[in-house]
Every structure is written in C-alpha cells, then in structure tokens.
Amino acid sequence: MPDFITIFFIGLSIIAIVYFIYNFWSSKRIPFIFKIFFIGIYSLIALLFFYPELLSIIENVLDINSAINFFIYLAIFSLFIIVFALYKEISNQRLEITKLNREIALKENKKKN
Amino acid sequence: MKNKKILIGMPAYNEAKVIGKVIENIKKNGFENILVVDDCSADNTSLIAKKNKAIVLRHPINRGAGAATGTIIEYAKREKYDLLVLIDADGQHSPKEIKKLLKESNKYDVVIGSRLIGSDLSEMPISRRILNFGGSLITYFVFGTFVKDSQSGFKVLNKKAIENIQITFDRYEFCSEIIGEIHKNKLTFKEIPIKVIYTEHSLGKETHGQSFFNSFKMIIRLIMRI
C-alpha cells in the first residue's frame, strides 16, 4: 500500500505532465507536425518506462541488437529538429525586430515633417 | 529622366568622417533628394547628414546594412519615387557615375555598377577580388542568377524594382538577396562598369562585412536560408 507522500508526488507529477502537454498542444507558435512528433516520442518513452518488455518487440520489429541504439539515433535526430526549430524562431524574431526598427525610423521622420 | 522623381539612398554606419563630403559631391552632380539611413551610429553621422540637408532616418538599434537598405527601399516605395539610386556612404563610389547608371535605367529594371568588368582591378585588394567572386558564385548556386559583381552596393532600381524587391537579410547577404529578388520577380538587369575609390576609411572598416570571417558567416547564413 503506497503511503500518502508517494501518492501525493505521483498526483503532482500527473498534473504537471497534463499541464505541460496542454500548454504544448495549445501553443500557436509550434507547428502541428512538431507537436505530433514530440508528443509521440514522449508517449513512447513513458510507455517504455512502464512496460520495459516492449523494448524486445522494437528490437524484433526493427531487427536490431539493442533498442537503445534506436533511441540514441532518435534522440540525435530530435536534437537536430529542435535546433532547426529554434533557428527558424530566432530568424522570425530578428525579422520582426528589423520591421519594428524600420517603422520607428519612418514614423519619427513623418513626425518631424 | 528630367520628369522622374529620383532618390539617392545611402545606408550609413559610423560614417561621420566622410558622409558630409559624399553628400556634397552628390549635390554637385545635380541630385537634391538624398536619403541617409543611419543604422544607429555611435558618431555624428545623422547630425552631419542633416547639416548637409539630407533626409535622415535613424534606426533606434543597429540592424546592419541590409536592414538599412530595406528601409531606403520602403521609404522610396511610400514616397512614390520613380528611381532609386543605392550608393555606399563611405565614398568608394563616384557620384559622377550616377548619371551613367540612370541612363541605362530606361531599358532595365535594375542597373548594377560593377567593379569587376572593364576596369583596372589592380587597385582592388586580392582578398576582395576573391571574396567578390566567391560571393557571386554562391549567389548563383543559391539564387540561380550569375552576376559578375553581386556584392556591389551601387545600384539603380526603377519603380517596378522598388515595388517588388523585398529584403529580409539584415547584414551584407542582402546584396545576394537583391539578385535573388531580380530572378524571382523576373526583373531585367544590366551590369555597367564603374570605378571604385579605395580610401583608407573604406578599406579599414572591420564592420564592412568583407573580411574572410564575415564572408564565411555570410555564406552560412545564405545556405541556412535555402
């Protein structure tokens, strides 16, 4: 029988995860394809945490010696996607700053005239 | 040409030493509408440009030569200019050659002043020759149009070009982006030989985006944009 503290922390973790997924899903800035990709990966990791025997199914399906290798490649691929998404986001922000900068300069000139 | 509204636009950053003389020389050649976009200089560039009766727009934060050129094009578009002459503020281009470029603008949407055709290249530092050629090659691979001097800052744009060219690069990659925009919007262009005046000031500027390291960064940014 788990004690009260364990139940409390499990409950808190579930609330935090649900809150994180809700925020992630409802964000308008993240493209839909990224949402599906990352929620898929995290769901898979959570599933393997609770059912580690699924690893052997993955090994059989992909015909590899260790499913861990597959996850390492997947992690590297995910990192590339994250870096690309961040680069794109920063580029968009830069563009917005430049536009704002330009508008201020043009409006200041109009005001003076 | 006489009835056309012409704007001479100069992106400027820390050009207080030379900007007054450059504006004066342009005026001597018969052009009155001179726009200086001061990209948040730390010196008196704006003040000196204003004293010389140029129109001055000042960026509140430094964004680079591409951003300043974008502001010039936006201004020309809003004020309905017929022709826009883009010229460097460091005095490396001779204002006497503006008329030569304008003459060709009757037949072409964009006229590019080329430092690499029909002129003596011995004065141009070898590192710049390599960088210019490399820039043109990269521009061709990325944007699909080969221009001998793709990195030239001396250009004339007609109304069609002013309305269609959109600059999104903030730094020196904008020169290549203009070539890309020419290709994308099916604009006509011609390269005209020009002479370049290399002064200690124009050669000494580290921020000029023409060092090997800056050029390398420029190429990376161009490739990342594909």
Side-chain angles (χ1 to χ4, degrees), chain A residues 20-21 23-45 69-113, chain B residues 7 9-13 33-41 45-47 49-50 53-81 162 165-174 177 217-218 220-226:
Chain A
F20 169 75
I21 291 172
N23 265 347
F24 185 72
W25 192 256
S26 55
S27 168
K28 284 175 186 166
R29 298 187 76 89
I30 304 166
F32 183 70
I33 192 87
F34 283 170
K35 287 178 186 173
I36 296 286
F37 180 76
F38 283 108
I39 287 182
I41 283 181
Y42 285 116
S43 308
L44 187 65
I45 290 166
N69 290 344
F70 166 72
F71 283 103
I72 289 170
Y73 294 134
L74 196 66
I76 293 168
F77 180 64
S78 306
L79 280 175
F80 273 115
I81 288 187
I82 290 169
V83 169
F84 176 73
L86 283 174
Y87 176 81
K88 193 92 187 125
E89 183 62 25
I90 291 167
S91 289
N92 290 341
Q93 295 288 340
R94 277 184 181 164
L95 216 65
E96 289 301 313
I97 292 168
T98 301
K99 274 185 195 167
L100 212 65
N101 206 20
R102 182 167 298 146
E103 283 307 318
I104 292 169
L106 289 162
K107 278 190 180 156
E108 283 290 317
N109 180 62
K110 269 258 147 81
K111 255 192 225 171
K112 279 175 200 164
N113 297 332
Chain B
L7 177 71
M10 285 187 283
Y13 179 65
N33 299 321
I34 301 165
L35 169 69
V36 174
V37 173
D38 177 8
D39 195 24
C40 198
S41 298
T45 301
S46 291
L47 208 72
K50 270 180 205 164
K53 292 180 182 154
I55 308 158
V56 178
L57 299 182
R58 185 175 157 85
H59 281 174
I61 43 174
N62 177 263
R63 299 301 297 158
T69 306
T71 304
I72 294 172
I73 294 175
E74 190 58 38
Y75 181 86
K77 200 188 291 178
R78 289 186 191 183
E79 300 295 322
K80 297 184 173 60
Y81 279 93
I162 293 169
I165 289 176
Q166 301 269 352
I167 294 178
T168 56
F169 280 106
D170 285 342
R171 306 281 161 189
Y172 268 87
E173 310 85 86
F174 83 92
E177 194 180 25
K217 283 203 293 187
M218 188 178 105
I220 297 292
R221 282 198 290 261
L222 275 173
I223 292 167
M224 290 290 280
R225 190 58 77 84
I226 302 172

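Each chain gets a letter, A, B and so on, in the order the sequences are listed, and its residues count up from 1. Just so you know, these numbers use all the heavy atoms, side chains as well, and skip hydrogens, waters and symmetry mates.
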Are there residues of residues 97-104 of chain A that reach to under 4.5 Å of chain B by heavy atoms, and which ones? A:Ile97, A:Thr98, A:Asn101, A:Arg102, A:Glu103, A:Ile104

Heavy-atom donor-acceptor pair, B:Arg63 side chain to A:Arg94 backbone, under 3.5 Å: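 Yes; judged by distance alone, with no hydrogens or angles, the pair exists.
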
So, applying side chain to side chain contact (heavy atoms under 4.5 Å, CB included) with A:Asn109, which one of B:Thr71, B:Leu57, B:Val56 is it?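 Single pass found, and it is B:Leu57.
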
Look at atom [atom1] of [X] and say whether more than 12 heavy atoms of other residues, nucleotides or ligands are closer to it than 6.0 Å.
| X | atom1 | result |
| --- | --- | --- |
| A:Phe77 | CZ | no |
| A:Ile33 | CD1 | no |
| A:Tyr42 | OH | no |

Quick one: pull up CZ in B:Arg78 and CG in A:Leu106 and give me the separation to the nearest 0.5 Å. 5.0 Å

Heavy-atom contact with chain B under 4.5 Å, split by part of A:Lys107: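 Neither part.
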
